[in-house]
K.L.:
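One structure follows; several queries about it will come next.
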Amino acid sequence: MDSIVEAVREHAWLQPERIAILFEGRSITYKQLYADSERFAYALTHWGLHAGERVALFLDNCPEFIVAYLGTHLAGGVVVLVNAQYRQVELSHIMNDAGVRLCVTDLAGRAELISLAVPTLAALVLVGENTDAALFLAAKNEAIVDVAYVDFIEDGSVFDEDSPDTQLELPRADMPAVLGYTSGTTGRSKGALLFHRNLVANIQAISEAWQWRADDHLLLTLPLFHTHGLMVGTHGTLFNGAQLTLYRKFNAASVLARLRAASDISLFFGVPTMYSRLLVEAEQQGVPEHLPRLFVSGSAPLSPQTFHDFERLFGQTILERYGMTETGMNLSNPYTGERRPGTVGMPFPGQEARVVDVQTRQIAAPGEIGEMEVRGPHVFEGYWQRPEATAEAFAPEGWFKTGDLGWYSEDGYYTITGRARELIISGGYNVYPREVEDVLTSHPAVAEAAVIGLPDADLGEQVVAIIVVAAGQTVTPAALIAFCREQLASYKKPRQIFFVDALPRNAMGKVQKHVLSAQLQEPPVRGESRDSGKGE
Ligand code: MCA
Ligand code: AMP
């Protein structure tokens, strides 16, 4: 099997009437899923998409997302994943960096995109209600001039007229499949380029480790535009010919209600914030009688407290695993065997991990903290058009430097202890301080800004900004928060703003964020007041 879409085609042959996706009252069989994907691929090819060209998906969860994903692969295109909350700053960077030629989005996405200068972007495909629309097309090499409304599952008419005059070929394992944007260790966000073979190798390993079967049914409330929801949840389902109940978004009460309604859900994947919210909800509502056979947590550290509370209330241990956009899943607690709280287990089958000393790069002994490195067929090919960043990211012999710090025990369990790079993980979403600082310092009233993560009971970490106001200016926390919210995805906005006269700096002039972090976590000394605001 060379690609996920090939697996879907096989299931469409072998079990055409098997339901692949359930979404808001709609059910889509494997046969229909493949036929729709094929129709989308024909339309792309007919329109003029060439192999290797980039198609961005800028959409919230819906079945059309999956159809467009598979269809792009079938047309030989490369999918660019875009968080649906991204605003002008992030969108402009990703669309231009990836040289996106066509973007599948909705009306809200169109409103964000239409004013951006993206010379390569020639067409938008709109997923939405309005199907009496014009043609699926736009002028090439010009600003976006035309837009098609496509509801390709409910009404495939736009594509039907494009009769299959081109022969579609399944993607080969060595063709590029996905660009996932991530900041890696430093700098502006970079596109991690994954080939079909990386995706297949990883999902094979995951399926083996978690015993994913055709009769499994995943309740997926994670967004499809990130690795966790797409390359674990969706790939696993489609690869194994299993079933997916897809929610537009997570809500703890709805998840418990769904589990209570029927006993068919066998898998649930989430970020730690989802588990702590499920716990709060279940304390009030009670725990459903039938539970999935497997609960998996990842994308951020699951606290041992949440692990134990969940075990006490739900009677099940959450399986914690560790992954990255560049690699997919790397390490996992065992399906059978001890799931050890606070650890991320051991490498998936066919994959390797090690810890190296940060300075000497020598392999660390058990118990010694160093940088985690991973290797295997799942590891990405490199950063899109950034040979230097790619070279820096790899140690000799194909070891990928994750930028995460950790150690391993004598009996082979790995523990992540921190990050070598500056990264805040809030509710499972990554926030790079530099990006928020750049927006803050572009405000006329801000002279300097430092952004850090502080512990947060719900989100794990929350984004906080420390600001030096420009001479002669005044500004409120609310105004700065609103300013960030306008330009960036809303989850990146600072939740609190602190005003200071000067930022602490070391002899080299570098801002000492650990000092700020320590100061803000200390209880204020009596008589001292910190100038802060939540701005809400
Ligand atoms: C939403 N908001 C947040 C977050 N999510 N603020 C901080 N951190 C967040 N994570 C803000 C919104 O911007 C909005 O602000 C307000 O909260 C309400 O938005 P809503 O959408 O209703 O939020 P929610 O439903 O409470 O969302 C919380 C969530 C969500 C369900 C935990 O963040 C989520 O789905 N997280 C999962 C992310 C994920 O898939 N990560 C995997 C990445 P305002 O009102 O101002 O607009 S892949 C990865 O990390 C690696 C590879 C791996 O190992 O998996
Ligand atoms: P991304 O940049 O979206 O690829 O996020 C990957 C990062 O999420 C990793 O480098 C880790 O810092 C973090 N991460 C993922 N899973 C875990 C986990 N189980 N425990 C701690 N950190 C995690």
Side-chain angles (χ1 to χ4, degrees), residues 60-61 81 83-87 180-185 189-190 192 194 202 206 220-233 247-255 269-278 296-303 307 318-333 341-345 371-372 374 378 380 400-406 414-432 453 456 458-464 478 481-482 484-486 488-495 534-536:
D60 278 317
N61 283 5
L81 298 173
N83 187 316
Q85 294 188 52
Y86 283 172
R87 310 293 297 269
Y181 274 78
T182 169
S183 283
T185 45
S189 85
K190 299 184 265 292
L194 291 138
N202 199 227
I206 296 168
L220 187 64
T221 67
L222 287 155
L224 291 173
F225 45 70
H226 280 311
T227 300
H228 199 163
L230 184 65
M231 303 191 192
V232 189
Y247 278 15
R248 210 170 273 275
K249 59 184 292 202
F250 172 81
N251 172 279
S254 315
V255 167
F269 302 161
V271 297
T273 299
M274 294 179 179
Y275 286 103
S276 47
R277 292 189 188 175
L278 281 174
V296 177
S297 174
S299 311
L302 179 75
S303 75
F307 178 97
I318 299 170
L319 182 155
E320 183 171 5
R321 75 1 171 233
Y322 158 77
M324 289 186 81
T325 304
E326 288 93 332
T327 60
M329 299 302 104
N330 290 311
L331 297 156
S332 171
N333 269 280
T343 81
V344 290
E371 183 173 352
M372 309 272 304
V374 297
H378 63 306
F380 76 141
F400 173 64
K401 306 175 189 170
T402 64
D404 288 308
L405 301 175
Y414 285 77
T415 299
I416 310 288
T417 53
R419 294 163 212 135
R421 60 203 157 128
E422 269 191 45
L423 164 67
I424 301 166
I425 305 186
S426 167
Y429 280 135
N430 292 356
V431 183
Y432 295 91
D456 182 276
D458 178 44
L459 298 168
E461 288 181 291
Q462 63 162 276
V463 178
V464 168
I481 291 168
C484 291
R485 210 170 166 284
E486 254 166 46
L488 296 170
S490 150
Y491 62 85
K492 296 181 185 173
K493 67 185 182 293
R495 301 234 154 192
K534 294 192 187 250
E536 251 113 28

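The figures that follow rest on heavy atoms only: side chains count, while hydrogens, waters and symmetry mates do not. Counting starts at 1 for both ligands and their atoms, following the listed order. No experiment lies behind these values; they were computed from the predicted model shown.
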K.L.:
Would a 4.5 Å heavy-atom cut-off, applied to side chains only, mark Tyr432 and Leu423 as touching?
P.N.:
yes

K.L.:
Which residue is it: Val344, Asn333, Val296? I am looking for the one with a side chain to side chain contact (heavy atoms under 4.5 Å, CB included) to Arg321.
P.N.:
Val296

K.L.:
What atoms of ligand 1 come closer than 4.0 angstrom to any heavy atom of Ser426?
P.N.:
7 (C), 8 (N), 9 (C), 10 (N)

K.L.:
Please find the pair of heavy atoms, one from Cys484 and one from Pro494, that lie closest to each other, and give the distance.
P.N.:
SG-CD, 3.8 Å

K.L.:
Does Asn430 use its side chain to pair, donor to acceptor, with the backbone of Thr182 at less than 3.5 Å?
P.N.:
no

K.L.:
Return a yes/no value for Tyr429: is any of its N or O atoms, backbone included, closer than 3.5 angstrom to an N or O of ligand 1?
P.N.:
no

K.L.:
Can you find an N or O of Gly298 that's nearer than 3.5 Å to an N or O of ligand 1?
P.N.:
no

K.L.:
Between His378 and Thr327, do the side chains contain an N or O donor and an N or O acceptor separated by less than 3.5 Å?
P.N.:
no

K.L.:
Under 4.0 Å from any heavy atom of Pro223, which atoms of ligand 1 are there?
P.N.:
35 (O), 40 (O)

K.L.:
Using distance alone, decide if ligand 2 has a nitrogen or oxygen within less than 3.5 Å of any nitrogen or oxygen in Glu326.
P.N.:
no

K.L.:
Heavy atoms, side chains only, cut-off 4.5 Å: are Met329 and Val232 in contact?
P.N.:
yes

K.L.:
Does any N or O in the side chain of Asp404 come within less than 3.5 Å of the main-chain N or O of Met372, such that one atom is a donor and the other an acceptor?
P.N.:
no

K.L.:
For Tyr247 and Asn61, work out which heavy atoms get closest and say how close.
P.N.:
O-ND2, 3.0 Å

K.L.:
Suppose I only count heavy atoms of Val344 and a 4.0 Å limit; which atoms of ligand 2 are within that range?
P.N.:
19 (N)

K.L.:
Using a strict 4.0 Å cut-off to heavy atoms of Lys249, name the atoms of ligand 1 that fall inside it.
P.N.:
20 (P), 21 (O), 22 (O), 25 (O)

K.L.:
Which ligand 1 atoms does Thr325 reach within 4.0 Å, using its non-hydrogen atoms?
P.N.:
52 (C)

K.L.:
For residues Tyr414 and Asn330, is any side-chain donor paired with an opposing acceptor at under 3.5 Å?
P.N.:
no

K.L.:
Any ion pair linking Arg419 and Glu461 (charged N to carboxylate O, less than 4.0 Å)?
P.N.:
yes

K.L.:
Evaluate Gly428 for polar contact with ligand 1, using N/O atom pairs at a separation under 3.5 Å.
P.N.:
yes

K.L.:
Quick one: are Met324 and Phe380 in side-chain contact, heavy atoms under 4.5 Å?
P.N.:
no

K.L.:
Main chain of Gly345, side chain of Glu320: is a donor-acceptor contact present, judged purely on distance under 3.5 Å?
P.N.:
no

K.L.:
With heavy atoms of Ser490 as the reference, note each atom of ligand 1 found under 4.0 Å away.
P.N.:
12 (C), 13 (O), 14 (C), 15 (O), 44 (P), 46 (O), 47 (O)

K.L.:
Would you please name every residue forming a salt bridge (Lys or Arg N to Asp or Glu O under 4.0 Å) with Asp458, sequence neighbours left out?
P.N.:
Arg277

K.L.:
Taking a cutoff of less than 4.0 Å between a non-hydrogen atom of the residue and any ligand atom, is Gln462 in contact with ligand 1?
P.N.:
no

K.L.:
Given Lys493, which partner from the list Leu488, Val431, Val463, Ile481 fulfils the side chain to side chain contact (heavy atoms under 4.5 Å, CB included) test?
P.N.:
Ile481

K.L.:
Report the part of His226 in contact with ligand 2, treating N, CA, C, O as backbone and CB onward as side chain, heavy atoms under 4.0 Å; options are side chain, backbone, both, neither.
P.N.:
neither

K.L.:
Has ligand 2 got any nitrogen or oxygen that is less than 3.5 angstrom from a nitrogen or oxygen of Arg321?
P.N.:
yes

K.L.:
Heavy atoms only: which of Gly460, Gly233, Ser299 lies closest to atom 53 (C) of ligand 1?
P.N.:
Ser299

K.L.:
Relative to ligand 1, is Arg277 under 4.0 angstrom through side chain, backbone, both or neither, heavy atoms considered?
P.N.:
side chain

K.L.:
Taking both backbone and side-chain atoms of Tyr322, is any N or O found less than 3.5 Å from an N or O belonging to ligand 2?
P.N.:
no

K.L.:
Can you tell me if Lys492 uses its side chain to pair, donor with acceptor, with the backbone of Ala489 under 3.5 Å?
P.N.:
no

K.L.:
Once you round to the nearest 0.5 Å, how far does OH of Tyr86 lie from OG of Ser490?
P.N.:
13.0 Å

K.L.:
Check each atom of ligand 2 against the heavy atoms of Thr182 and keep those under 4.0 Å away; list them by number with element.
P.N.:
2 (O)

K.L.:
If I apply the N/O under 3.5 Å rule, does Asn430 come out as touching ligand 2?
P.N.:
yes

K.L.:
For ligand 2, is there an atom lying under 4.0 Å from some heavy atom of Tyr432?
P.N.:
yes

K.L.:
Which atoms of ligand 1 are found less than 4.0 Å from any heavy atom of Leu222?
P.N.:
40 (O)

K.L.:
State the atoms of ligand 2, each with its element, that fall below the 4.0 Å cut-off from a heavy-atom position in Glu320.
P.N.:
18 (C), 19 (N), 20 (N)

K.L.:
At under 4.0 Å between heavy atoms, which part of Ser299 makes contact with ligand 2: side chain, backbone, both or neither?
P.N.:
backbone

K.L.:
Counting heavy atoms only, name the option from Thr325, Asn333, Thr327, Asn330 that's nearest to atom 4 (O) of ligand 2.
P.N.:
Thr325

K.L.:
Considering only heavy atoms, does Ser297 approach ligand 2 within less than 4.0 Å through its side chain, its backbone, both, or neither?
P.N.:
neither

K.L.:
I'd like to check whether Arg495 has a polar contact with ligand 1, where a contact means an N/O of the residue lying under 3.5 Å from an N/O of the ligand.
P.N.:
yes

K.L.:
Mark up the atoms of ligand 2 that fall under 4.0 Å of a heavy atom belonging to Ile425, in ascending order.
P.N.:
8 (O), 12 (O), 13 (C)

K.L.:
Ala253 and Asn251: which non-hydrogen atoms are nearest, and at how many Å?
P.N.:
N-OD1, 3.1 Å

K.L.:
Has ligand 1 got any nitrogen or oxygen that is less than 3.5 angstrom from a nitrogen or oxygen of Thr227?
P.N.:
no

K.L.:
For Gly229 and ligand 1, answer yes if some heavy atom of the residue is under 4.0 Å from a ligand atom, otherwise no.
P.N.:
no

K.L.:
Check for me whether the distance between the ring centres of Phe307 and Tyr275 falls short of 6.0 Å.
P.N.:
no

K.L.:
Between His226 and ligand 1, is there a nitrogen or oxygen pair with a distance under 3.5 Å?
P.N.:
no

K.L.:
Would you say Asn83 and Tyr491 are linked by a side-chain donor-acceptor pair, where the criterion is simply a distance under 3.5 Å?
P.N.:
yes

K.L.:
Quick check on Gln85 - does any of its heavy atoms sit under 4.0 Å from an atom of ligand 1?
P.N.:
yes

K.L.:
Counting both backbone and side chain atoms, is some N or O of Thr221 under 3.5 Å from an N or O of ligand 1?
P.N.:
no

K.L.:
What I want to know is whether Thr273 and ligand 1 share at least one N or O pair that is separated by under 3.5 angstrom.
P.N.:
no

K.L.:
Taking only heavy atoms of Gly427, which atoms of ligand 1 are found under 4.0 Å from at least one of them?
P.N.:
10 (N), 32 (C), 33 (O), 36 (N), 37 (C), 38 (C)

K.L.:
Measuring from atom 54 (O) of ligand 1, which candidate in Met329, Met324, Arg321 has the nearest non-hydrogen atom?
P.N.:
Arg321

